[in-house]
Structure formats: C-alpha cells, structure tokens
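Reading through the structure tokens given below for one structure.
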Amino acid sequence: MGAIEIFLVSLMIASCLLPSVSAATRHYKFEIKMQNVTRLCHTKSIVTVNGQFPGPRIVAREGDRLEIEVVNHVHNNISIHWHGIRQVRSGWADGPAYVTQCPIQTGQKYLYNFTIIGQRGTFWWHAHISWLRSTLYGPIIILPKKNTPYPFAKPYKEVPIIFGEWFNADTEAIISQALQTGGGPNVSDAYTINGLPGPLYNCSTKDTFKLKVKPGKTYLLRLINAALNDELFFSIANHTLQIIDADGVYVKPFETNTLIITPGQTHNVLLKTKPHFPNATFYMTARPYVTGSGTFDNSTVAGILEYESKTKLHLKNLPLFKPLLPALNDTNFVTNFTSRLRSLASPQFPANVPLNIDKRLFFTVGLGTSPCDQNKTCQGPNGTKFSASINNVSFILPTTALLQSHFFGQSKGVYKPDFPYSPLNWFNYTGNPPNNTLVHNDTKLMVLPFNTSVELVMQDTSILGLESHPLHLHGFNFFVVGQGFGNFDPNKDPSNFNLVDPIERNTVGVPSGGWVAIRFLADNPGVWFMHCHLEVHTSWGLKMAWLVQNGKLPNQKLPPPPMDLPKC
C-alpha cells in the first residue's frame, strides 16, 4: 500500500466513512442532530452532523461516486450544498433549498448521489438554508486519480484548516430579527480555526488549534473560508506559504507571507518548515478584510504552529512570534494578491477559456432598500429595510424548488424567465448614488441555451456604500479574465483581458468600487444558483439563478429526479 493510499485510509477512518460497495463508490451517513458545544465559556445547543463541530470530512478520488445519506433529526429544515463540486448532470444533488430541492424536513432523509467529474483539490460542504451553515460545515478532499501525482513535490502531510465564525447567540434568531427589523444583523463573537477561537479571546486558551510539525518537512494546508460574513487575511509568523491551488484548480505556484480568502473560497498552500528546531513557537492568525460601512467583528483568531523536539522542552517557555497582518481595509494588498493568481495552463491542466462569446452580460451588484412593512418600524436607512440586488432585482426564493418546477413544466407562478441582461437604469455606479435606492423584489431566472459561452461583468455600486462582494456560482467553474476599479468601460477594458492563463475558480470577489469580468461555458443543464457568499447579503436578496436548457444529445440532458427527492 502506497503512502497516498495510507493517507486516504487514515482520512476515511477519521471521517467516519462507511465500507464502500465498490472502490469507486463512497458512502457517508450524515445524522443531523443537536449537540451542546462550549466556546468562550458559553455553552449552546447547535445543529451538527453526527454531533461533530466542524462536521466530518469527506474524502474521495477524482472519478469516484459519492452517496451521502442525510437524515434530519432536528426541528429546522435542512439542505446540504457540496460547494465547488460541479454536479455535472446531477443538479438534484446540488443542495440549495428551494433552488434544486425542497429542504429535508424533520424526520425525513435524502440521499445525495453524485460523481466527481474532472475535479480534484479542496472543496467543502455546508448547509444551504437560512444561517445554519454557521455550524453545519466540513471539508471535502478530492485526491487525484490513483497513480496520478500532484504537479508539485508530494507533501509530507496534509492538514485541512477551516476558518469559521462563532456566535454566542442563536444564528437563526439573529437573522430572523434582522429580517424583521430591516437592520443589520449582530456580528459574530469570534472567528475560529477548525472550530476553535484560540488564545486571543477571553476564556478560550484551551480551545486553540495547534499544528504540530517536524523540521525540514513540507505540509499541504487545505484552507477553507467557511465564515458567514467575512473575507479573511491569513498568515503564519516567520514562515512563507506557497500558493498552489485555488478553489480546486492548480495555479502557477508563487510565495507569499499573507493571503486573502473570501467566504466560499479554498486555497491549497505548501508550508515548508524550518530545517532545524527553531526554539520558538509561532502564531497562525486570521482577521477580516473590511470594505463596507456596516459593523463587523474586528477580532483576530489564532492557532499555534509547534515544532516537535527530540528533547523534552517546555513549549510555554519558548518565545511566541506573531505575524504582521495587513490593515483591515488594505485593498492594495488584496488587489496585488489576486492579480498573481494564474492558471497552470499546461498541456495536462489547460485553461480552456471561452474565446467566442455568445452572450455578454452586465450585472450591477450592491445594496439597496425595500419599503418597511405597514405599521412596522424599520432600522434600515431612513426607516426602510436593508436589501441587496443584482441588476436591481432582489431575488425572492419561491416556496417550491425551481429545478423541479422547470423540469416538470410547472414554472407559472413560480419564476419568470426574464432576468435582465443589464441594469434597467444606468447611472454612475461608483460615483454619487441615485436618489431612488429601492430595489425590485422578484423571482427571475436567466435562461441560457445549452453550451452558451458567457461573458459576465459584475459591477459594484455605491448606492449604500461601496463594498466587496464574493460571488459564488453553482454548477460551473469560471475564468476571471479581468478586474479593475471605477466603472467598467466596455470600449477599453476588454483589451486588457487575460485570455491565456486567467485563474479558474467558483467564487470571486467583486472589488469594492470596481468590477470583475468572468467567462464560462454553460454546458451543465439545470437550474444553478449564483449568490453573494456574505450570508447577510444573500439573506437580503443578492442572489439570482441561471436556467441552462438541455442539449440535443442524451448526455446533454438533465436526468429525472431521484425517487426520494424531498417534498415542500
């Protein structure tokens, strides 16, 4: 048995993986249950998978089939999204509630059944209904096919590191109150690394993630930002990180002391430890990158990097070094870091950027307002409710699943197939905001024929203040061909697009006061969600959905739904 097979077996044991029927089908069982968890001297009952926080890791190889049975034992409705997995012709398993499925109700279960096609790297799973993903999340590790090496030297060890947010209060109560009052929700009490806030918070020293390493080794850190609402800077004191992967796609390797990771994104990085025991320990810290004017959790989470020593040393007596993180609003750092991300664009891992574009789309993304409900007092701007929109459409989730409605030809009264290609009202998007900040609430889909090549420019707006928006597209990867600040210029900016080796990913930050251009091929039939991965903005309506029609060939059509698809 080779080293990678031993690694795979050990990961499966750690992940509660049940025996497989065959080598290529991997079975998991997710029991959704309440569990008492204590952080910051505060105990609360949280929704978990199998009583674990964070939840169990899923491990498979490229080409494997996954069957994950989710059984709901809690009072909340549940759905699980497999973030970054393309779900080629398996949209019924994608997971966002009321988009590809009705949620799993109390006492019910659903088998998520899908195959990993042409993907390897770090992904993750999380609840995709309300704010339940604050505790319902875990890593997905897709290894290359058997006997297929990494395009870099094999690491000594692989370690998943998931950033999250801890709220002392019940997150469902927080977002429910915010939606009722129309104001901003309360912020988290701490950030976490693998569920632990670390020693920089009160009453938290014992809840610290420790990465124990040997000198002279290379470690593959699988970084995932599962935080609800914050982009994060991350650094390890006195150590350099080599970026090798973004959102499960290999990149041209480069070294950095610090990285930025938005909610929903993943990065694989190589950490080369010092050749000899350094007689010190090192903080690994993360804190937010902030662009908006709203309140935020400005605290710092810390884990500790500890070197193993042959002699018995009291690590407490060793000096502890802290990294220097960028300022909270260091947009220059973020811009420089993201501009260094390039696809490998090698014969084995090509960058198949769509060159002949069928549809050019322009979406404005940003905050706005909705009128306060009658006889209510609201805490948004000028007594309104905070809202968010794409092309001024604030998306309303239906009470039945969009994909089911589409598949069975029952869309009437559920959605409209006329999502706008561009804003209905043009204005100086990053200049003085318009007087009218009201959004239009509706359920509209953008319809694309199968195999349409799409270029989409997403433009931040200043309507209620400029802000960065991490947008996640379900069902596809896309190429980030360009980005800039100010208003996008369709006559000048495309000449600077990178069509040779742009980064390919599934979640991208629309820069604060700027724009980003992406391209993708709509080769996956179904209904696919696109939304801001700042959960508060998604709750306010910064989301939309694409309807990709079937192609002509049998392997270009969405199969019928499984028999156990949940009912609304």
Side-chain angles (χ1 to χ4, degrees), residues 39-40 54 57 122 124 137 139 141 155-166 188 190-201 204-227 230-246 254-263 265-275 277-289 297-309 313 315-316 318-328 330 333-334 337:
R39 297 289 186 271
L40 313 179
R57 67 182 71 161
T122 301
W124 60 298
Y137 62 85
I141 296 168
Y156 171 71
K157 195 175 181 182
E158 305 191 15
V159 183
I161 293 180
I162 303 195
F163 305 106
E165 285 185 86
W166 172 264
S188 57
Y191 298 105
T192 58
I193 295 177
N194 290 347
L196 302 170
L200 303 183
Y201 297 99
S204 185
T205 302
K206 69 180 188 343
D207 293 323
T208 300
F209 173 71
K210 293 185 178 178
L211 177 57
K212 298 188 177 181
V213 298
K214 293 181 178 180
K217 302 289 185 186
T218 299
Y219 292 77
L220 172 59
L221 307 184
R222 297 177 174 271
L223 308 178
I224 301 166
N225 187 352
D230 290 285
E231 305 178 55
L232 296 170
F233 295 116
F234 173 70
S235 184
I236 302 177
N238 295 16
H239 287 74
T240 300
L241 303 172
Q242 187 180 51
I243 312 291
I244 53 170
D245 166 301
F254 66 92
E255 293 190 342
T256 183
N257 296 323
T258 304
L259 59 84
I260 179 76
I261 185 167
T262 79
Q265 288 183 343
T266 70
H267 272 299
N268 283 358
V269 303
L270 294 179
L271 167 69
K272 290 183 179 177
T273 58
K274 299 184 181 299
F277 183 77
N279 286 312
T281 53
F282 306 90
Y283 270 141
M284 37 204 288
T285 60
R287 77 171 183 199
Y289 164 56
D297 177 354
N298 70 346
S299 62
T300 302
V301 59
I304 296 178
L305 182 72
E306 284 184 0
Y307 278 75
E308 293 179 11
S309 170
L313 283 167
L315 294 174
K316 288 181 181 176
L318 293 175
L320 178 57
F321 290 99
K322 295 183 180 180
L324 186 65
L325 289 171
L328 293 169
D330 194 342
F333 173 88
V334 174
F337 177 84

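Note: hydrogens, waters and symmetry copies are ignored here, and every other heavy atom, side chains too, is used.
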Salt bridge (charged side-chain N to carboxylate O under 4.0 Å, His left out) partners of residues 297-306, not counting sequence neighbours, each pair once: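 Qualifying pairs: K210-E306.
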As a quick check of understanding, evaluate side-chain contact (heavy atoms from CB on, under 4.5 Å) for T266 and L223, giving each step before the final call. CA-CA 5 Å; T266 70; L223 308 178; over 6 Å; no
We want to know whether Y307 and K274 form a side-chain donor-acceptor pair, criterion being a heavy-atom distance below 3.5 angstrom.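 No, K274 and Y307 have no side-chain donor paired with an acceptor closer than 3.5 Å.
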Candidate pair R287 and L328, rule side-chain contact (heavy atoms from CB on, under 4.5 Å), full reasoning: CA-CA 8 Å; R287 77 171 183 199; L328 293 169; 3.9 Å; yes
For the side chain of [X] and the backbone of [Y], is there at least one donor-acceptor N/O pair under 3.5 Å apart?
X	Y	result
S235	L325	no
T240	N257	no
Y289	T262	no
Y201	Y191	yes
R39	G195	yes
N225	I261	yes
S299	A190	no

Nearest atoms (heavy-atom pairs only) where I162 meets A226: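 Result for this residue pair: CG2-CB, 3.7 Å.
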If you look at every heavy atom in P323 and A237, which pair is closest and at what distance?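 For P323 and A237, the tightest heavy-atom pair comes out as N-CB, 3.5 Å.
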Could you go through F209 and I161, starting from their C-alpha distance and side-chain angles, then the distance that decides it, and tell me whether this counts as side-chain contact (heavy atoms from CB on, under 4.5 Å)? CA-CA 9 Å; F209 173 71; I161 293 180; 4.2 Å; yes
What's the spacing between L259 CG and I243 CD1 if we round to 0.5 Å?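 The distance works out to 4.5 Å.
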Tell me if the aromatic rings of F163 and Y137 count as close, with their centers under 6.0 Å from one another.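 Ring-ring flag for F163/Y137: false, centres at least 6.0 Å apart.
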